Amino acid sequence: MDKTRLGNSFFLRDVLDVAPALIGKTLVRRFNTGEIRSYIITETEAYRGEEDKACHASKGLTPRTAVMYQPGGVIYVYLIYGMYWMLNFVTSEKGNPSAVLIRGIEGFNGPGRVGRELQLDLSFYGEELLQSERLWVEKGITPVGIVCSERIGVDYAGKKWAEKKWRFLQK
DNA sequence: CGCAAGATTGGC
DNA sequence: CCAATCTTGCGT
């Protein structure tokens, strides 16, 4: 096991700490062909607990959100608009359903493009980042600067939650 | 059981 | 502006 792979202690923190900390980290994907590609994470968004109306866990514990109730360090993927797989990492301790959406990696901006590049599918749901042979996160670079802004596409959650500046990106 | 909307993207 | 494409949650 690689020494630089980020373990559960990295993800067992508040999602508002983990989301910005992921900027500059290295996302590693080992494809079925055996090819390994690495990408620097450039943009993330935090979704924080049942009270966050923009977070899927605001619907409570369902088959879809169940993985978010696990301890941090596992993968949460879901299909949106029938064609895009969104990549998320669960954070926080067990029972505090939060996750970080990976909105951008170097060369690929937008969560849909990220999922397409990484060739994600439902089989990644619940996979542990510390154990996975095909997707994990490693120590990366020190970002020169991180800026935050409002999350994208969550107006439906109402003003209180839509205006939270929980989107983080490399300056 | 039907249906509207979605943490999006790309084309017209 | 709007279609693609399908899962999910909610209303009936």
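Every chain is numbered from 1, with letters handed out A, B, ... down the list of sequences. No experiment lies behind these values; they were computed from the predicted model shown.
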For the side chain of [X], starting at C-beta, report the closest nucleotide among [options].
| X | options | answer |
| --- | --- | --- |
| A/Pro111 | B/dT9, C/dT8, B/dG10 | B/dT9 |
| A/Tyr78 | B/dT8, C/dG9, B/dA7 | B/dA7 |
| A/His56 | B/dA7, C/dG9, C/dT7 | B/dA7 |

To the nearest 0.5 Å, what is the distance between NZ (A/Lys165) and CD (A/Glu150)? 5.5 Å
Gap between atoms [atom1] and [atom2], on [X] and [N] respectively (whole Å):
| X | N | atom1 | atom2 | answer |
| --- | --- | --- | --- | --- |
| A/Lys164 | B/dA7 | NZ | P | 18 Å |
| A/Lys53 | C/dG9 | NZ | P | 14 Å |
| A/Asn109 | B/dT8 | CG | P | 14 Å |
| A/Ile80 | C/dG9 | CD1 | P | 11 Å |
| A/Lys59 | B/dA7 | NZ | C1' | 13 Å |
| A/Ile152 | B/dT9 | CD1 | C1' | 14 Å |
| A/Leu101 | B/dT8 | CG | C1' | 11 Å |
| A/Glu43 | B/dT8 | CD | P | 10 Å |

Per the side-chain contact (heavy atoms from CB on, under 4.5 Å) rule, which among A/Val100, A/Ile105, A/Leu27 passes with A/Leu87? A/Leu27
Salt bridge between [X] and [Y], side-chain N to carboxylate O under 4.0 Å?
| X | Y | value |
| --- | --- | --- |
| A/Lys160 | A/Asp52 | no |
| A/Glu163 | A/Arg151 | no |
| A/Arg29 | A/Glu117 | no |

Please classify the nucleic acid contact of [X] as base, sugar-phosphate, or nothing, using heavy-atom distances under 4.0 Å.
| X | result |
| --- | --- |
| A/Met86 | sugar-phosphate |
| A/Arg64 | sugar-phosphate |
| A/Gly112 | sugar-phosphate |

Step through it carefully: locate the ring centre of A/His56, locate the ring centre of A/Tyr78, and say whether they are under 6.0 Å apart. yes
Can you find a side chain N or O atom of [X] that sits less than 4.0 Å from OP1 or OP2 on [N]?
| X | N | value |
| --- | --- | --- |
| A/Arg167 | B/dA7 | no |
| A/Arg113 | B/dG10 | yes |
| A/Thr62 | C/dG9 | yes |
| A/Arg116 | B/dG10 | yes |

Would you kindly say whether A/Trp136 and A/Glu138 are connected by a side-chain donor-acceptor distance under 3.5 Å? yes
Ring centroids of A/Tyr156 and B/dG6 base under 5.5 Å with planes under 30°: no
Both atom distances under 3.5 Å, Watson-Crick or G-U wobble: I'd like the secondary structure of DNA chain B as a dot-bracket string, with | for pairs made across strands. ||||||.||||.
Worked check of side chain to side chain donor-acceptor pair (under 3.5 Å) between A/Arg48 and A/Ser98: CA-CA 5 Å; A/Arg48 191 169 186 266; A/Ser98 305; 5.8 Å; no
